[in-house]
Amino acid sequence: QVQLVESGGGLVQPGGSLRLSCAVSGLRLDFYAIGWFRQAPGKGREGVSYISIIDGETDYADSVKGRFTISSDNAKNTVHLQMNSLKPEDTAVYYCAAVGIHISSPLRLVPESYDYWGQGTQVTVSA
């Protein structure tokens, strides 16, 4: 049974940092790609970042480039999202998701591309 469990969310001031974690079980992480998505109140779910573990290829939404970094810890079967210089507009529930590695570039940040999802973790950026 595949399970993804997010952690690390919380309340942070603008300009601060958080590190989210996605613990994956039930699959070989290096056979999959992991995406981070977020959903703010009143908005749809949007893609934030992507990583293919086997080759290290990553992708980011324009809104987070230069501020967020995705990485993997293969020994712990965990993917992280380091979020720096946080802004109020980053406030959302953040989800991690998994999909087989054979997806095309235009689909990497599309929620409908992903097969397995975590429960989400709340990130609130406020003074």
Side-chain angles (χ1 to χ4, degrees):
Q1 181 176 345
V2 175
Q3 289 187 333
L4 290 78
V5 180
E6 302 96 334
S7 62
L11 175 64
V12 65
Q13 293 183 341
S17 298
L18 285 173
R19 188 182 190 230
L20 305 184
S21 297
C22 175
V24 181
S25 61
L27 58 79
R28 282 277 302 272
L29 194 59
D30 58 351
F31 289 168
Y32 285 79
I34 302 295
W36 283 99
F37 298 82
R38 65 188 183 186
Q39 188 163 16
K43 297 184 178 180
R45 191 167 297 186
E46 64 173 340
V48 175
S49 189
Y50 159 98
I51 186 168
S52 174
I53 282 77
I54 193 166
D55 60 13
E57 189 170 325
T58 60
D59 200 5
Y60 299 90
D62 288 343
S63 60
V64 307
K65 285 181 179 177
R67 300 189 297 122
F68 291 11
T69 303
I70 192 168
S71 63
S72 64
D73 183 342
N74 292 352
K76 296 183 177 180
N77 231 43
T78 300
V79 171
H80 303 285
L81 184 68
Q82 179 67 45
M83 306 188 297
N84 298 326
S85 302
L86 283 162
K87 305 174 181 179
E89 51 262 44
D90 295 318
T91 296
V93 177
Y94 283 71
Y95 301 88
C96 64
V99 64
I101 62 174
H102 299 292
I103 58 172
S104 61
S105 296
L107 302 177
R108 290 173 177 177
L109 298 179
V110 177
E112 289 76 13
S113 298
Y114 289 77
D115 299 314
Y116 306 103
W117 291 82
Q119 81 289 346
T121 186
Q122 177 71 48
V123 172
T124 302
V125 185
S126 176

Intermediate values then yes/no, side-chain contact (heavy atoms from CB on, under 4.5 Å), T91 and V123: CA-CA 5 Å; T91 296; V123 172; 5.9 Å; no
Joint cluster assignment, V99 & Y32, ILVMFWY side-chain distance < 4.5 Å: no
Could you go through residues 8-20 and list every donor-acceptor pair under 3.5 Å that involves a side-chain atom there, pairing it with any protein atom two or more places apart or in another chain?
{"from": "S17", "atom 1": "OG", "to": "N84", "atom 2": "OD1", "distance (Å)": "2.8"}
{"from": "R19", "atom 1": "NH2", "to": "H80", "atom 2": "NE2", "distance (Å)": "3.4"}

Where at least one partner belongs to residues 34-82, residue pairs that pass disulfide bond (SG atoms under 2.5 Å apart), sequence neighbours excluded: none
CA sep, side-chain torsions, deciding dist, call: W36, V79, side-chain contact (heavy atoms from CB on, under 4.5 Å): CA-CA 9 Å; W36 283 99; V79 171; 3.8 Å; yes
Which residues share a salt bridge (Lys or Arg N to Asp or Glu O under 4.0 Å) with K65, sequence neighbours left out: D62
Whether D73 side chain and T78 backbone form a donor-acceptor pair below 3.5 Å: no
side-chain hydrogen bond (donor to acceptor under 3.5 Å, both in side chains) involving S85 - partner list, sequence neighbours excluded: none
Residue pair D59, S105: steps toward the side-chain contact (heavy atoms from CB on, under 4.5 Å) verdict: CA-CA 9 Å; D59 200 5; S105 296; 6.0 Å; no
Where at least one partner belongs to residues 25-70, residue pairs that pass disulfide bond (SG atoms under 2.5 Å apart), sequence neighbours excluded: none
Heavy-atom pair of closest approach, residues A61 and G47: CB-O, 3.4 Å
Taking every non-hydrogen atom, the tightest pair across Y50 and S52: OH-CB, 3.5 Å
Residues which pass side-chain hydrogen bond (donor to acceptor under 3.5 Å, both in side chains) with D90, listed by chain and number, not counting sequence neighbours: R38, R67
Atom pair CZ (F68) and CG (L86), whose distance is rounded to the nearest 0.5 Å: 5.0 Å
Joint cluster assignment, V5 & L27, ILVMFWY side-chain distance < 4.5 Å: no
All pairs passing disulfide bond (SG atoms under 2.5 Å apart) where residues 12-99 contributes a residue, at least two apart: C22-C96
ILVMFWY network linking I51 to V2, side-chain heavy atoms under 4.5 angstrom: yes
Could you tabulate the donor-acceptor pairs under 3.5 Å formed by side-chain atoms of residues 109-118, not counting sequence neighbours?
{"from": "S113", "atom 1": "OG", "to": "L107", "atom 2": "O", "distance (Å)": "2.9"}
{"from": "S113", "atom 1": "OG", "to": "V110", "atom 2": "O", "distance (Å)": "3.4"}
{"from": "Y114", "atom 1": "OH", "to": "R108", "atom 2": "O", "distance (Å)": "2.5"}

Qualifying side-chain hydrogen bond (donor to acceptor under 3.5 Å, both in side chains) pairs with a residue from residues 1-10, counting only residues at least two apart or across chains: E6-Q119
With Q39 via side-chain hydrogen bond (donor to acceptor under 3.5 Å, both in side chains) - residues at least two apart: R45
Evaluation steps, side-chain contact (heavy atoms from CB on, under 4.5 Å), between Y60 and V48: CA-CA 6 Å; Y60 299 90; V48 175; over 6 Å; no
All side-chain hydrogen bond (donor to acceptor under 3.5 Å, both in side chains) counterparts of T121, not counting sequence neighbours: none
Single-linkage hydrophobic cluster L81~Y95, side-chain heavy atoms < 4.5 angstrom: no
Separation between OG of S72 and CD1 of I34, rounded to the nearest 0.5 Å: 9.5 Å
Any pair counted as salt bridge (Lys or Arg N to Asp or Glu O under 4.0 Å), so long as it reaches residues 20-30, sequence neighbours left out: R28-D30
